[in-house]
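As structure tokens, the structure follows; a few thoughts come after it.
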Amino acid sequence: MSLAELADAYASRSLSPVEVVKGVITHAEAVNGSINALFCFRPNSIADARQSEARWKANAALGPLDGFP
């Protein structure tokens, strides 16, 4: 998805930052061992995603990129 599509999905609540981060973590765990593309892998970022999700639900996102991994 493009940044604009992801922002629209967050705003419309058709997708949440938590779902996106979980998907990114799953993918990273599956492929990073062989491609070593991630320098700073933070699988504990779920807490940050939950906070972002709450802001989006309250129409109080920190900005258009709030919750982007």
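Sequential numbering from 1 along the given sequence is applied to the chain's residues. What you see below is based on every heavy atom in this structure, not just the backbone, and it leaves out hydrogens, waters and symmetry mates.
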- Note on the structure: Heavy atoms of Ala49 and Val21 approach each other most closely as CB-CG2, 3.7 Å
- Item | Exercise: identify the closest heavy-atom pair between Ala58 and Arg13 | N-NH2, 4.2 Å
- Query: Is the backbone N or O of Val18 less than 3.5 Å from a side-chain atom of Arg50, with the two atoms forming a donor-acceptor pair by type?
  - Reply: no
- Message: Check whether Thr26 reaches the backbone of Gly23 with its side chain - one donor and one acceptor, N or O, closer than 3.5 Å.
- Response: no
Spatial distance of atom [atom1] ([X]) from atom [atom2] ([Y]) [nearest 0.5 Å]:
| X | Y | atom1 | atom2 | result |
| --- | --- | --- | --- | --- |
| Leu62 | Gln51 | CG | CD | 9.5 Å |
| Lys22 | Ser45 | NZ | OG | 11.5 Å |
| Leu65 | Ser52 | CG | OG | 10.5 Å |
| Glu19 | Tyr10 | CD | OH | 9.0 Å |
| Asp8 | Leu15 | CG | CG | 11.5 Å |

Check whether any side-chain heavy atom of [X] lies under 4.5 Å from a side-chain heavy atom of [Y], and answer yes or no.
| X | Y | answer |
| --- | --- | --- |
| Trp56 | Ser16 | no |
| Ile46 | Ile25 | yes |
| Phe68 | Val20 | no |

